[in-house]
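Below: the structure, in structure tokens.
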Amino acid sequence: MGGIAAAIGLALTAAVFALLLQKDAPGVAFGLTLAAGILIFASAVQGIGSILCTLGSVLRAAGVENALYLPVVKAVGIAAAVRIAASLCRDAGQTSLAAKLELAGAVAALTVTLPLFTRVLSFVSTMLK
């Protein structure tokens, strides 16, 4: 709980200062929000390792293969990274670039989940025979 409280405090503080600086120094305001975002992201990434380790242990104990859940984890990671990057592009006034990045992220997510789709379709076809 302490980690999220610190992240909220950092985000709100950076947002207030960025608002104050936006008119006179928009570059500094953007840099401040970018730096705060990187710090918050870095603290979130630390927790991801333990989540993935625990999730992997639970799924292995349940007899679920890596090939079934790993594509989903990758797709969620891609979605999170693209959402953050697209938001930064929008903050910088680059909405067109953000839209293209989101399209690229969707293609990347579909690409990493394609083996899972193939496996599911193969499973369904064997059930129908």
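Computed from a prediction, not measured in an experiment: that's the story for all the values here.
Between the CD1 atom in Ile4 and the OG atom in Ser43 there is a gap of 7.5 Å [rounded to 0.5 Å]. In this structure, CG on Leu70 lies 10.5 Å from CG on Leu59, to the nearest 0.5 angstrom. Distance CZ/Arg119 to CG/Leu114: 14.0 Å, rounded to 0.5 Å. Rounding to the nearest 0.5 Å places OG of Ser96 at 11.0 Å from CG of Leu101. Leu116 CG to Lys74 NZ: the interatomic distance, rounded to the nearest 0.5 Å, is 11.5 Å.
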Just do the side chain to side chain contact (heavy atoms under 4.5 Å, CB included) check on Phe117 and Leu110 with the steps written out, would you?
CA-CA 9 Å; Phe117 289 140; Leu110 284 172; 4.1 Å; yes
List the steps and the verdict of side chain to side chain contact (heavy atoms under 4.5 Å, CB included) for Leu55 and Val73.
CA-CA 10 Å; Leu55 180 64; Val73 172; 4.1 Å; yes
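Taking all atoms of both residues into account, the shortest heavy-atom contact from Ala75 to Val112 is N-CG2, 4.0 Å. Shown here for Val82 and Glu102, the closest heavy-atom pair between the two residues is CG1-CA, 3.8 Å. When all heavy atoms of Phe30 and Leu88 are compared, the closest pair comes out as CE1-O, 3.7 Å. Scanning all heavy atoms of the two residues, the minimum distance from Ala7 to Ile40 falls at O-CD1, 3.6 Å. For the residue pair Ala14 and Ala36, the shortest heavy atom distance occurs at CB-CB, 3.5 Å.
With hydrogens and angles ignored, the 3.5 Å screen pairs a side-chain donor or acceptor of Thr126 with a backbone N or O of Phe123. In this structure, Thr113 contributes its side chain and Ala109 its backbone to a donor-acceptor pair below 3.5 Å.
The closest side-chain heavy-atom distance from Thr111 to Val107 is below 4.5 Å.
In the hydrophobic clustering of ILVMFWY residues, with side-chain heavy atoms under 4.5 Å counting as a link, Val16 and Leu32 come out together.
The number of heavy-atom neighbours closer than 6.0 Å to CZ of Arg83, taken from other residues, nucleotides and ligands shown, is 12 or below.
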